Structure formats: C-alpha cells, structure tokens
Amino acid sequence: MAEDLLAATDNASYDASSIEVLEGLEPVRKRPGMYIGGTDERALHHMVAEVLDNSMDEAVAGHANRIEVELHADHAITIRDNGRGIPIDPHPKFPGKSALEVILCTLHAGGKFSGKAYETSGGLHGVGASVVNALSDSMVVQVARDKELFEQRFSRGLPQGGVEKIGSAPNRRGTTVTFHADEQIFGSHRFKPARLFKMVRSKAYLFSGVEIRWRCDPEVATREGVEAEATFHFPGGLRDYLQDALGKERRVIDDT
C-alpha cells in the first residue's frame, strides 16, 4: 500500500510542467561540460583554442596570413586576424539579426557545414564561438569589412545591443574577438600564460602560411616567466617542429 501511494505521488508531481525547454545558449551555461568537457583549467583554455581555430580556418582557406593573440592584465583574451571578417549583414533566415549575432548566439550556426565558405576547418563547427560567448561575462567583437569598422557586444551569450559602425578602417580587415571568461562558470581558474604561449606556438607549426603574434601584459609575463612578445612563423611547418624537437639528436634519415 505504501509503495502504491508513493508511486501515485511521484506520477502526480511528474507532468508536462516538469519538462524544461532551454532556449538559445541556456543549455551551454547549464551544462558546459557537454560542450567543452567541464569547467576546469583545461576547459577554460579550450575556449581560446576555439576562437583561435576560427582564425586559423581563415588562414588555411587563404584569406588570412596573420593572427594576433594577447593576454591582458585582467585575464581577458584578444584574438585578431586579417581575414575576411565575420559577415555583419542581416541573416536571410533571421532578418532582424546580423549574421554576426546569429553566429555568436545560436548553436550550430556557421559557415562550415556546406563546404562553400570553408573546404576544411577545425573547432566545433558552428558551436565553438557561441559556446565561448555563452561562457564569457563579456565578449566584444569588432569586424573590419569594406573599409569600415563594426562592433557588437555580448554578455553571457546575450547581445547587449546590435551591430554598430564605430569608424572607418581603410587599411584594415578581419575579425577581433576579446572575451573574459565568466567566474560564475570557471570560479578561480585563470588563463596560464605559459600554457597559452605553448598553444599559440603549436598552432603556428600546423600551417606554414600563417604568422602568429603573441603578446602578454608585461607584469603578467614577468610574474609568470614567459615572453611578453613573440612572433611565430614556421615556413617548414611540421618539419620545423621536428627540427626544433630533435635539436642535435642523431637522425636515422636525412633532413630532406
């Protein structure tokens, strides 16, 4: 009798109102582990890799040859490329939103599905940038296109206004993303300069046609024992990596 009563009570409390429907980027903030593997230090640094991979995709596609990565004193990260720049015109499916807003505020929105914009790509294919946006308390994106500079701001996955034209950019093009990881998600974890430095260098080895410039706040760099500025460009790609890794070690085959 007691078991029957308990079952009846459970059934009565479990109805349609018990079913949650998460919209937009809410699922990312509720369950970040599903998208970046957790909320630990490794997951935090994975966010940098996601944004950096978008710039790398522009380089691999032949539209960019320079990427800049900067760690600021407040542990915000800026990643800048000289690629085509994220489109800022209204999206055909969402006329009231820019393509930029759709990309950064919608899961599975991006230019890497059909193969028309990118033949090859890394990252999470339409998930990476929006996940970083969802897990950042601040994200500012600047786009230089057609000799004009545009900007849109976000916080925890929500736009803080539309795309605004903030000036002219006659000698500039590409996308600049600056984000600050949300302490509500990552707690006391902070970006490790040495880990970022190694990541940036590793990415440069992967594609010989790109130059990646590293900058770190001087005080942070001194405290953490990393270079404040460095430029990575490896024309030999993975061959250069092997040469650096092997050093003067004896080789079985010739370096050809």
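The structure presented is a predicted model; accordingly, all values stated were derived computationally and were not measured.
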- Message: Exactly one of Val69, Leu52, Val48 should register a side chain to side chain contact (heavy atoms under 4.5 Å, CB included) with Leu196. Which one does?
- Response: Val48
Has [X] got a side-chain atom pairing as donor or acceptor with [Y]'s backbone, closer than 3.5 angstrom?
X      : Y      : result
Arg173 : Arg84  : no
His180 : Ser136 : no
Asp40  : Ala43  : yes
His91  : Lys93  : yes
Ser98  : Pro90  : no
Gln160 : Leu158 : yes
Arg145 : Gly85  : yes
Trp214 : Arg201 : no
Asp81  : Thr175 : yes

- Test side-chain contact (heavy atoms from CB on, under 4.5 Å) on Asp217 and Leu71 and set out the steps. CA-CA 6 Å; Asp217 175 78; Leu71 175 62; over 6 Å; no
- Qualifying residues under ring pair (Phe, Tyr, Trp, His ring centres under 6.0 Å), relative to Tyr205, sequence neighbours excluded: Phe234, Tyr241
- Item | Steps toward side-chain contact (heavy atoms from CB on, under 4.5 Å) verdict (Ile36, Leu135) | CA-CA 10 Å; Ile36 58 171; Leu135 302 180; 3.5 Å; yes
- side-chain contact (heavy atoms from CB on, under 4.5 Å) between His189 and His75: does it pass, once the steps are laid out? CA-CA 10 Å; His189 292 298; His75 288 273; over 6 Å; no
Nearest 0.5 angstrom please: [X] [atom1] to [Y] [atom2], how far?
X      : Y      : atom1 : atom2 : result
Asp182 : Arg29  : CG    : CZ    : 4.5 Å
Ile67  : Ile79  : CD1   : CD1   : 8.5 Å
Phe179 : Leu104 : CZ    : CG    : 12.0 Å
Ile166 : Gln152 : CD1   : CD    : 12.0 Å
Ile86  : Phe150 : CD1   : CZ    : 13.5 Å
Glu101 : Ile88  : CD    : CD1   : 12.5 Å

- Message: Consider side-chain hydrogen bond (donor to acceptor under 3.5 Å, both in side chains). Of His72, Glu70, Arg215, which one does Thr78 pass it with?
- Response: His72
- Can you establish whether the number of heavy atoms outside Arg213 located under 6.0 Å from its atom CZ is more than 12? yes
- After noting the C-alpha distance and the side-chain angles of Glu58 and Arg66, does the key distance pass the salt bridge (charged side-chain N to carboxylate O under 4.0 Å, His left out) rule? CA-CA 10 Å; Glu58 278 288 281; Arg66 187 180 69 252; over 6 Å; no
Minimum-distance pair of heavy atoms, taken over all atoms of [X] and [Y]:
X      : Y      : answer
Val210 : His233 : O-CD2, 3.3 Å
Ala181 : Leu44  : CB-CD1, 3.4 Å
Thr39  : Pro32  : CG2-CG, 3.5 Å
Cys105 : Pro159 : SG-CD, 3.9 Å
Ala59  : Phe207 : O-CE2, 3.3 Å
Asn133 : Phe154 : OD1-CB, 3.2 Å

- Applying salt bridge (charged side-chain N to carboxylate O under 4.0 Å, His left out) to Lys165 and not counting sequence neighbours gives Glu148
- Query: Can we say Arg156 and Glu26 salt-bridge, meaning some charged N sits less than 4.0 Å from an Asp/Glu carboxylate O?
  - Reply: no
- Inspect the contact between Lys192 and Glu224 and indicate whether a charged nitrogen and a carboxylate oxygen are less than 4.0 angstrom apart. no
- Message: Side chains of Glu50 and His46: any donor to acceptor distance under 3.5 Å?
- Response: yes
- Message: Side chains of Gln142 and Arg80: any donor to acceptor distance under 3.5 Å?
- Response: no
- Task: Go through the steps to decide whether Leu25 and Ser130 satisfy the test side-chain contact (heavy atoms from CB on, under 4.5 Å), and finish with yes or no.
- Result: CA-CA 8 Å; Leu25 296 178; Ser130 55; 3.9 Å; yes
- Message: Applying a strict under-4.5 Å side-chain criterion to I, L, V, M, F, W and Y, I'd like to know whether Leu149 and Val141 cluster together.
- Response: no
- Side-chain heavy atoms under 4.5 angstrom apart, residues restricted to Ile, Leu, Val, Met, Phe, Trp, Tyr: same cluster for Val163 and Val140? no
